Amino acid sequence: MALNLVMLGPPGAGKGTQAERFASEHGIPKVSTGDILREAVHDTTPLGEKVKAVMERGELVGDDLMIGIVRERLTRPDALGGFVLDGFPRTAAQATALDEITASRGPVICIEIQVPDEELVRRVRGRRVCDDCGANADAFEHLPGALPPLCQNTDRCRSVGPKWVARSDDSELVVRERLKVYWRDTRPMIEYYSARPTFRAIDGKQPPEQVREALVAAVASALGKPASQLRSLAKNVGLQA
Ligand code: AP5
């Protein structure tokens, strides 16, 4: 059985933070559509040029483009045994396409992280990312209230003295637009999942470590397994992939 996980929730809910950690702890790839698009914008690829303005307005990129990107990424060998999806699906058409892409891959666990809107705006406005590679400053250990002295995303980052900046879509105006789009286009889609036995909602207002524990417990409960077996499940999957 593969460990297929979809993280759902509004902007700033903590999907990326939790997806990163869960994926690395369980040996499966994190597939973030936001990261894929931001990398394309940063590298000024044809995809990046197509989506830059849409992202800066806080709107959604077209379904056909997004479904093509995710279909290609999930059929790479490293994702066949499991994945953590962050930022997809966001519309009913994307959800239907994901069902089709994963039809023969075992259950898809869907976790909604719930956080009140005002807390989301506060978090997103406070977020700082590395100007070079886009890594979130909070991903690294640092003193409360201070930014880390160096970006530690050594795989991708060429920064020698990081410039911590706000993400281009994190201004209050754009965050409120992203939330509007979320409640209009994405939240209704979550209803599509909520009746399934593999759906769980967790409280994302808690500190990150407690959200992590709630996430692991929710995934284990959706699979009907003890949390202690998840890691070995992912390892077995990795061997088969
Ligand atoms: P995307 O990158 O997916 O943005 P998003 O969904 O708006 O989510 P965020 O990255 O803002 O938040 P998150 O939930 O991941 O929270 P995070 O962990 O970072 O998409 C960006 C754009 O790309 C879209 O607007 C759209 O244009 C386009 N796009 C992407 N996918 C698309 C698709 N499928 N279809 C169409 N268009 C698409 O945390 C946020 C902050 O809070 C961080 O600073 C973090 O350190 C902090 N934090 C995290 N957890 C906690 C906690 N428990 N307590 C306190 N602080 C916390």
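Residues: numbered from 1 along the sequence shown. Excluded from the calculations below are hydrogen atoms, water molecules and symmetry mates; all remaining heavy atoms, backbone and side chain alike, are included. Both ligands and their constituent atoms are indexed starting at 1 by order of listing. Note that the structure is a prediction, hence the values are computed from the model and not measured.
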**Asked** Stepwise, does the side-chain hydrogen bond (donor to acceptor under 3.5 Å, both in side chains) test hold for Tyr182 with Asp117?
**Response** CA-CA 11 Å; Tyr182 173 78; Asp117 277 11; over 6 Å; no
**Request:** Would you sort out whether Glu209 and Arg21 count as a salt bridge (charged side-chain N to carboxylate O under 4.0 Å, His left out), showing the intermediate values?
**Result:** CA-CA 10 Å; Glu209 187 55 31; Arg21 182 141 176 208; 2.9 Å; yes
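Ligand-side atoms of ligand 1 in range of Gly204: 53 (N), range being under 4.0 angstrom from any heavy atom. Taking every non-hydrogen atom of Thr33 and a distance limit under 4.0 Å, the qualifying atoms of ligand 1 come out as 30 (C), 31 (N), 32 (C), 34 (N). The contact set between ligand 1 and Ala13, taken as ligand atoms under 4.0 Å from a residue heavy atom, comprises 14 (O), 16 (O).
Between Val70, Ile36, Leu37, Asp63, it is Leu37 that holds the heavy atom closest to atom 29 (N) of ligand 1. Heavy-atom proximity to atom 20 (O) of ligand 1, evaluated over Arg90, Arg178, Glu209, is greatest for Arg90.
Residues Thr198 and Tyr193 have side chains not in contact (no heavy-atom distance under 4.5 Å, counting atoms from C-beta outward). No side-chain heavy atom of Ile109 sits less than 4.5 Å from a side-chain heavy atom of Arg200. Looking only at side-chain heavy atoms (C-beta outward), Ile36 and Val31 come within less than 4.5 Å of each other. Side-chain contact between Met7 and Gln18: present, with at least one pair of heavy atoms (C-beta onward) separated by less than 4.5 Å. Counting heavy atoms from C-beta outward, Arg73 and Arg76 have side chains that approach closer than 4.5 Å. Contact annotation: the side chain of Asp35 approaches that of Lys30 to within less than 4.5 Å [non-hydrogen atoms, C-beta and beyond]. With a 4.5 Å cut-off on side-chain heavy atoms, Pro89 and Tyr192 do not count as touching.
With hydrogens left out, the protein atom closest to atom 19 (O) of ligand 1 is Arg127 NH1, 2.8 Å, a heavy atom. Protein heavy atom closest to atom 22 (C) of ligand 1, with residue, atom name and distance, is Met55 CE, 3.9 Å. Among protein heavy atoms, the minimum distance from atom 45 (C) of ligand 1 is reached at Asn136 ND2, 3.6 Å. For atom 55 (C) of ligand 1, the closest non-hydrogen atom of the protein is Arg123 NE, 3.5 Å. Scanning all protein heavy atoms for the shortest distance to atom 12 (O) of ligand 1 gives Gly12 N, 2.8 Å. Scanning the protein for heavy atoms near atom 35 (N) of ligand 1, the closest one is Gln94 NE2, 3.0 Å. Protein heavy atom nearest atom 25 (O) of ligand 1, with residue, atom name and distance: Glu59 O, 4.0 Å. Nearest non-hydrogen protein atom to atom 39 (O) of ligand 1 is Thr17 OG1, 3.8 Å.
We find that Arg122 and Glu172 are not joined by a salt bridge, their nearest charged nitrogen and carboxylate oxygen being 4.0 Å or further apart.
Between the side chains of Thr91 and Asp185, no donor-acceptor pair is found at a separation under 3.5 Å.
For Gln206, a nitrogen or oxygen atom sits less than 3.5 Å from a nitrogen or oxygen atom of ligand 1, counting backbone and side chain alike. For ligand 1, the polar-atom distance check against Val61 finds a nitrogen or oxygen pair separated by under 3.5 Å. At under 3.5 Å, not a single nitrogen or oxygen of Met66, backbone or side chain, sits near a nitrogen or oxygen of ligand 1. Below 3.5 Å of separation, one finds no N or O of Gly9 facing any N or O of ligand 1. Distances between N or O atoms of Gly16 and those of ligand 1 include at least one value under 3.5 Å. Of the N or O atoms in Asp169, none lie within a sub-3.5 Å distance of an N or O in ligand 1. For ligand 1, none of its N or O atoms has an N or O atom of Val54 under 3.5 Å away. Residue-to-ligand polar distances keep Asp86 apart from ligand 1: every N/O pair is separated by 3.5 Å or more.
Summarising the local packing, CG of Asp43 is surrounded by more than 12 heavy atoms from other residues, nucleotides or ligands at distances under 6.0 Å. The number of heavy atoms from other shown groups lying within 6.0 Å of CZ (Arg196) is above 12.
Within the structure, ligand 1 has Arg167 among the residues with a heavy atom less than 4.0 angstrom away. Residue contact annotation: Arg38 has a non-hydrogen atom under 4.0 Å from ligand 1. Distances shorter than 4.0 angstrom occur between a heavy atom of Pro10 and an atom of ligand 1.
When each of Leu179, Val175, Val181, Thr186 is checked for a side-chain contact (heavy atoms from CB on, under 4.5 Å) with Pro10, only Leu179 meets the rule.
Contacts of Leu60 with ligand 1, taken as heavy-atom pairs under 4.0 Å, involve both backbone and side chain.
Within the model, atoms CG of Leu3 and NE2 of His26 stand 6.5 Å from one another, a figure rounded to the nearest 0.5 Å.
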